[in-house]
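To start, the structure itself, in structure tokens.
Computed from a predicted model, the values in this text were never measured in an experiment.
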Amino acid sequence: MEDMNHSTSLDTLCSHAGIGVGDGSPLEIPIVQSTAFCRDQIDSDAPHAYSRVSNPTVSALERTLGELESEPPAVCFASGLAAETALFLTLLSQGDHVVCGRAVYGGTTRLLQNVLARMGVETTLVDATRPDAVRAAVHDRTRLVFAETPSNPTLVLTDLAAVADIAHRVGALLAVDNTFMTAVLQQPLDWGADVSLYSTTKFVEGHSVALGGALVAKDERLLERLRFIRKSTGGIQTPFNAWLTLHGLKTLPLRIRHQSETAARVAHWLQQQPEVCRVLHPTLETFPQRELAERQHRSHHGAVVSFELDGGLQAAQRMLKHVRLFRLVEQVGGVETLLTHSATMTHVDVPIDQRRQNGISDGLLRLSVGLEDTQAIIDELEHAIKSARPQVTTVRKDRECATVS
């Protein structure tokens, strides 16, 4: 990896993730499953001392993730939420203020509102799709603006260049959860963000076998502060999970582009079904931020599609009884197509009025499109939807969801 420059394609960088360099080196980075490392003397400058601080296998993953955004090595953690926690502990103190997009992963709002609030950190949730709403919320105590784009699960977008400018004008940093896009399809730092955050558990690893999180930044001093918090709190990635993530990363560009192409076809098919009253995906002409998606994303628009049947929760429950190919799980980004019921799974801890304000109705289903044949995915959806049809409520001609709680 050290021999590659920033003009190297992402496909090449990923395929060479963790690959050996030098005569006699192993082709693939080994799992260095050691808690401690030897020193020649007490004042030696050894690269590793204790695996809570750093580890060779974790460092190989960090170098690759940094290279994908042409930045210094990332800082890797045991999970995406561990990465978020370290970010907040690094940047925030008692009395500080955070502006957070209200359409984010439920675990993010839980961390801010139920944990950090007890420590004197104030959070304002805003509609981050509107830069003027972010501008109205920031003030002289704002230290961080946090956005997730596309958001989970409604896929609404944040104009990163506009929001970065707003944050920087008050001396705050902009952190962006880029989990759904990855560095292959979107690079927030190119748009002015200060930190890219990832749950590598999802698309980066891609096979649903290894938890992980990562933070990428330009500022070396910020990265060192993040490493200090990681050392102090013990949230580092494990060597085995880092090794698994490196191997998943090798096929990331191929996977996410193919999955995104399939997702676009599935979204357009869903939009034509009379039982489906709402479909969310940036490729649709009905998507209100389509122009921003075309400008901000790199060629593809992600592998997640959210949709709702007319009849709301009851219709979704009936459909799920007929699903055979997909799995109902609290996960995205795997090679298999996965379904999630956001209201009772990823966002169950979010108050119901807040969920609905964010567009997460009781009947909304999130589909993480996998690597199966496109027609097989469509056939499965058609089977499940049609099997529930006799009990689905009459479809309204205005295509609005007749939600049943």
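- Salt-bridge formation is detected for the pair Asp362/Arg356: a Lys NZ or Arg NE/NH1/NH2 atom is positioned less than 4.0 Å from an Asp or Glu carboxylate oxygen.
- When all heavy atoms of Val335 and Glu372 are compared, the closest pair comes out as O-OE1, 4.1 Å.
- Between the side chain of Glu330 and the backbone N or O of Ser342 there is no donor-acceptor pair closer than 3.5 Å.
- In this structure, His341 NE2 and Met345 CE are separated by 9.5 Å, a value rounded to the nearest 0.5 Å.
- Looking at Lys250 and Asp11, no side-chain N of the basic residue comes within less than 4.0 Å of a carboxylate O on the acidic one, giving no salt bridge.
- Gln273 places a side-chain N or O within donor-acceptor distance of the main-chain N or O of Trp269, the cut-off being under 3.5 Å.
- Between Asp194 and Lys218, the closest side-chain pair of non-hydrogen atoms is not below 4.5 Å.
- Ion pairing between Arg230 and Glu62 holds under the 4.0 Å rule for side-chain N and carboxylate O.
- A heavy-atom distance below 4.5 Å is found between the side chains of Arg110 and Leu81.
- From Leu155, atom CG reaches atom CG of Leu157 across 8.0 Å, with rounding to the nearest 0.5 Å.
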Item to complete: Please report the C-alpha distance between Glu148 and Thr108 in whole Å, then the side-chain angles of each, then the deciding distance to 0.1 Å, and finally whether the side chain to side chain donor-acceptor pair (under 3.5 Å) criterion is met.
Response: CA-CA 10 Å; Glu148 181 180 299; Thr108 301; 4.8 Å; no
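- Annotation for Thr154 and Ile360: closest pair CG2-CG1, 4.1 Å, computed over non-hydrogen atoms.
- Arg225 has no carboxylate O lying under 4.0 Å from a charged side-chain N of Asp219, or vice versa, which leaves the two without a salt bridge.
- At a threshold of 4.0 Å, the pair Arg227-Glu224 counts as salt-bridged, since one of the basic side-chain nitrogens sits closer than that to a carboxylate oxygen.
- Nearest heavy-atom pair across Pro153 and His347 is CD-CE1, 3.7 Å.
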Worksheet item: Hey, mind stepping through Val323 and Leu328 against side-chain contact (heavy atoms from CB on, under 4.5 Å) and telling me if it holds?
Response: CA-CA 9 Å; Val323 169; Leu328 182 64; over 6 Å; no
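- In this structure the side chain of Leu338 never reaches within 4.5 angstrom of the side chain of Phe326, judged on heavy atoms.
- A donor-acceptor pair under 3.5 Å is formed between the side chain of Gln187 and the backbone N or O of Ala183.
- Atom CG of Leu65 is separated from atom OG1 of Thr200 by 7.0 Å, given to the nearest 0.5 angstrom.
- Thr123 and Cys100 get closest at one heavy-atom pair: CG2-CB, 4.2 Å.
- For the pair Thr238/Trp243, no side-chain contact is recorded, criterion being any heavy-atom separation below 4.5 Å from C-beta on.
- When every heavy atom of Gln331 is checked against every heavy atom of Arg366, the shortest pair comes out as O-NH2, 3.3 Å.
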Discussion item. Please evaluate residues His301 and Thr283 with respect to the criterion side chain to side chain donor-acceptor pair (under 3.5 Å), reporting the C-alpha separation (whole Å), side-chain torsions for both, the decisive distance (0.1 Å), and the verdict.
Written reply: CA-CA 7 Å; His301 301 286; Thr283 58; over 6 Å; no
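- Leu365 has its side chain out of reach of Glu308: every pair of non-hydrogen atoms, C-beta onward, lies at least 4.5 Å apart.
- Checked by atom type and distance alone, the side chain of Ser196 never pairs as donor or acceptor with a backbone atom of Val216 at under 3.5 Å.
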Discussion item. Between Arg278 and Ser361, is the side chain to side chain donor-acceptor pair (under 3.5 Å) condition met? List the steps.
Written reply: CA-CA 11 Å; Arg278 182 163 64 132; Ser361 60; 3.3 Å; yes
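- Side-chain N or O atoms of Thr142 include none that pairs as donor or acceptor with a backbone N or O of Leu144 at under 3.5 Å.
- Using a 4.5 Å heavy-atom cutoff, the side chains of Leu249 and Glu205 are not in contact.
- When atom types are taken as modelled, the side chain of Thr158 and the backbone of Leu160 share no donor-acceptor pair closer than 3.5 angstrom.
- At a cut-off of 3.5 Å, with distance as the only test, a side-chain donor of Asn178 or Tyr198 sits close to an acceptor on the other residue.
- Counting non-hydrogen atoms of neighbouring residues, nucleotides and ligands closer than 6.0 angstrom, the CZ atom of Arg257 exceeds 12 such neighbours.
- Between Met181 and Thr149, the shortest heavy-atom contact is CG-O, 4.3 Å.
- Ser44 places no side-chain N or O within 3.5 Å of a backbone atom of Arg39 that could act as its donor or acceptor partner.
- Put simply, the side chain of Gln94 does not reach to within 4.5 Å of the side chain of Val121, judged on heavy atoms.
- Not a single donor-acceptor pair under 3.5 Å links the side chain of Ser54 to the backbone N or O of Tyr50.
- Distance check: Phe180 CZ to Ser199 OG gives 9.5 Å after rounding to the nearest 0.5 Å.
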Discussion item. Set out, in order, the CA-CA distance, both residues' side-chain angles and the distance that settles side-chain contact (heavy atoms from CB on, under 4.5 Å) for Gln289 and Val156, then state yes or no.
Written reply: CA-CA 7 Å; Gln289 297 172 294; Val156 296; 3.8 Å; yes
Practice prompt. Applying side-chain contact (heavy atoms from CB on, under 4.5 Å), run through Val195 and Leu174 and close with a yes or a no.
Written response: CA-CA 7 Å; Val195 180; Leu174 171 62; over 6 Å; no
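- The distance from the CG atom of Leu367 to the OG atom of Ser306 is 8.5 Å, given to the nearest 0.5 Å.
- Ring centroid separation for the pair His97 and His139 comes in under the 6.0 Å cut-off.
- Looking only at distances, a side-chain donor or acceptor of Arg255 sits under 3.5 Å from a matching main-chain atom of Gly248.
- With Thr374 contributing its side chain and Thr262 its backbone, the two residues share no donor-acceptor pair below 3.5 Å.
- Checked for salt-bridge contact, Arg327 and Glu336 miss the test: no charged N lies under 4.0 Å from a carboxylate O.
- Side chains of Thr12 and Ser9: a donor on one and an acceptor on the other come within 3.5 Å.
- Using a 4.0 Å cut-off between charged nitrogen and carboxylate oxygen, Glu291 and Arg295 count as a salt-bridge pair.
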Worksheet item: Would Glu275 and Asp310 count as a side-chain contact (heavy atoms from CB on, under 4.5 Å) if you check the C-alpha gap in whole Å, the side-chain angles of each, and the deciding distance to 0.1 Å?
Response: CA-CA 6 Å; Glu275 300 88 353; Asp310 187 78; over 6 Å; no
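- Between atom CG of residue Leu112 and atom OG1 of residue Thr124 there is a gap of 10.5 Å, rounded to the nearest 0.5 Å.
- Val369 places a side-chain heavy atom less than 4.5 Å from the side chain of Ile377.
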